[in-house]
Amino acid sequence: MTFSLELSDEQQELRDWVHGFAEQTIRPAAREWDEREETPWPIIQEAAKIGLYSFETLATFWADDTGLSLPIANEELFWGDGGIGMAIFGTTLAVAGIFAAGTPDQVAEWVPQCYGDADDPKVAAFCSSEPGAGSDVAAMRTRAVYDEATDEWVLNGQKAWATNGGIANVHVVQAVVDPVLGSRGQAAFVVPPGTKGLESPSKIRKHGLRASHTADVFLDDARVPGTCLLGGKEKLDERLARAREGGKSSAQAAMKTFELSRPTVGAQAVGIARAAYETALEYAQQRETFGRPIIENQSIAFTLADMRMEIDAARLLVWRAAWLGRNGGFTAGEGSMSKLKAGRVATWATERAIQILGGNGYTREFPVERMHRDAKIYDIFEGTEQIQQLVVARAISGRHIA
């Protein structure tokens, strides 16, 4: 058996392509859109024009049976900038929800509407978290009730922390259809453009990723056609019947889905960490004190060595998890391991970068303070640091640790 960490020609071309876009288009605009705290529509449009922002490209990434294309692309995109990277990649969350649960006809109908086209790009939102239900998915309160007379589903509730919430062309909403079943009684719905009863009065002002729009979404008797239930009613009724008979919990299936997505999120954190490291390395080689570059001071050189080591270690965990996700699955919470490690490295490395730059690092004249703000969310979203530890602990112990 041959073991190799060498990327294929196609993967190297992908890395170089996305890196070039990040370097030439994203980085020069990063500070402006962070300050504006607005969705960078011109950058999204440029990504659409070159084919980077499209379902066809996402499908090509996913077709890579090594699982590495998505992490490779995300690392380079977020190396450019975390906020703009999320503005471009945030639509993928909703697309993944449609692709995972929808029928072929639903995928064909709704996925193109998530992206729009190069002349008129659109974004999509995945709405799952709630004010009282983040990691605790069983606490979800948003309800979906079927109106048989009109063949419509009526949605009521509040969603929190929705990327692209309110500005999305398509919203994908998780809701409870049978409260008795808890997390097993949930389903996903497409809320089409212009649906009455969906409101998002204001966006959330965030610490980091400020070029990415985040908002609460309110559903007040929002009616959607029966065909907007992802997977269809017949499949839902069968699943609910199995759950009532004590069948396998869909919460376990949901956890597996999160595990599969976590390496991609980890790659984003690695990209931000790498950008901070490279900035600090360049600064240390140029900045002089006492007549010599500061990199010749052992404390600075050793910190940079540690940064490089930790970033490489995090990337290897991400790549391993991405490969396992496509080739046999996880045995010890490897998806959570990769996201946990990458998030920790990103927050630590960006802080070290600020320290190396000294007072300059604390100003907005240099990008590391923005990278530090962007990095912190990776200890929180897609499952907090503590949730990742819980997943790994349960996997390695075989016990239900609370």
Side-chain angles (χ1 to χ4, degrees), residues 1-22 44 47-80 85-86 88-118 121-124 126 170 172 188 190 230-231 253-254 256-268 270-271 315-330 334-335 338-339 342 382:
M1 175 179 287
T2 301
F3 173 81
S4 174
L5 288 173
E6 184 178 5
L7 299 179
S8 68
D9 291 342
E10 292 79 7
Q11 289 166 339
Q12 292 180 49
E13 290 173 3
L14 167 63
R15 180 192 61 197
D16 295 344
W17 177 51
V18 180
H19 183 85
F21 180 78
I44 295 174
K49 285 180 179 178
I50 67 168
L52 179 58
Y53 184 73
S54 72
F55 179 63
E56 290 78 8
T57 299
L58 179 64
T60 300
F61 294 167
W62 182 249
D64 180 357
D65 58 11
T66 70
L68 294 184
S69 285
L70 267 173
I72 289 169
N74 272 265
E75 179 179 335
E76 299 305 326
L77 199 63
F78 283 72
W79 172 89
M86 186 57 69
I88 294 172
F89 196 76
T91 290
T92 304
L93 300 173
V95 171
I98 296 171
F99 194 72
T103 65
D105 286 344
Q106 288 172 325
V107 171
E109 178 179 4
W110 295 112
V111 167
Q113 296 188 52
C114 291
Y115 288 100
D117 55 44
K122 305 292 186 183
V123 295
F126 183 72
V170 173
V172 177
V190 168
L230 289 175
K256 289 182 179 179
T257 300
F258 281 128
E259 278 288 271
L260 288 170
S261 67
R262 280 169 179 157
T264 299
V265 177
Q268 297 170 5
V270 170
R315 182 186 298 109
L316 287 172
L317 282 174
V318 164
W319 284 12
R320 181 186 70 166
W323 186 87
L324 285 172
R326 297 297 301 276
N327 295 274
F330 308 124
E334 289 89 351
S338 69
K339 194 266 181 182
E382 193 80 9

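These numbers come from the heavy atoms of this one structure, side chains and all, not from hydrogens, waters or symmetry mates.
Inter-residue side-chain proximity for Leu316 and Arg320 is flagged as unmet; no heavy-atom pair is nearer than 4.5 Å. Residues Glu56 and Tyr115 are not in side-chain contact: their nearest non-hydrogen atoms beyond the backbone lie 4.5 Å or more apart. Thr264 places a side-chain heavy atom less than 4.5 Å from the side chain of Phe89. Using a 4.5 Å heavy-atom threshold, the side chains of Phe99 and Val111 count as separate. By the 4.5 Å heavy-atom criterion applied to side chains, Glu382 and Ser261 are counted as neighbours.
Put simply, the side chain of Glu334 never gets that close to the backbone of Leu324: no donor and acceptor are under 3.5 Å apart. With Asn327 contributing its side chain and Asp65 its backbone, the two residues share a donor-acceptor pair below 3.5 Å. No donor-acceptor pair closer than 3.5 Å links the side chain of Glu76 to the backbone N or O of Ala73.
What you find for Ala94 and Phe126 is that their closest heavy atoms are N-CB, 3.8 Å. Here the closest heavy-atom approach between residue Gly266 and residue Ala342 is recorded as O-CB, 3.3 Å. Nearest heavy-atom pair, Leu230 versus Gly102, reported as atom, atom and distance to 0.1 Å: CD2-CA, 4.0 Å. Of all heavy-atom pairs spanning Pro263 and Val318, the tightest one is O-CG1, 3.3 Å. Nearest heavy-atom pair across Gly67 and Ala322 is O-CB, 3.3 Å. Between Ala48 and Ala118, the shortest heavy-atom contact is CB-CA, 3.9 Å.
With sequence neighbours excluded, the residues that form a side chain to side chain contact (heavy atoms under 4.5 Å, CB included) with Asp117 are Asp119, Asp120. Shown here are the side chain to side chain contact (heavy atoms under 4.5 Å, CB included) partners of Gln113, two or more places apart in sequence or in another chain: Glu109, Trp110, Asn169, Val170, Pro193. For the side chain to side chain donor-acceptor pair (under 3.5 Å) test, residues two or more places apart in sequence or in another chain that qualify with Trp79 are Glu278. Taking Leu52 as the reference, Trp17, Val18, Phe21, Ala47, Ile50, Phe61, Leu77 meet the side chain to side chain contact (heavy atoms under 4.5 Å, CB included) condition, with sequence neighbours excluded. Under the rule for a side chain to side chain contact (heavy atoms under 4.5 Å, CB included), the partners of Gln11 that lie at least two apart in sequence or sit in another chain are Leu7, Ser8, Asp64, Thr66, Leu68, Ser69, Ile72. Residues passing the side chain to side chain donor-acceptor pair (under 3.5 Å) test with Tyr53, sequence neighbours excluded: Thr91.
Atom CD1 of Ile98 is separated from atom CG of Leu93 by 11.5 Å, given to the nearest 0.5 angstrom.
Among pairs with a residue in residues 88-104, none fulfils salt bridge (charged side-chain N to carboxylate O under 4.0 Å, His left out), at least two apart in sequence or across chains.
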side-chain hydrogen bond (donor to acceptor under 3.5 Å, both in side chains) between Thr57 and Thr60, worked out: CA-CA 5 Å; Thr57 299; Thr60 300; 5.8 Å; no
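Within a 6.0 Å radius of CZ in Phe55, more than 12 heavy atoms belonging to other residues, nucleotides or ligands are found.
Salt-bridge annotation for Arg315 and Glu75: present, with a side-chain N of the basic residue lying under 4.0 Å from a carboxylate O of the acidic one.
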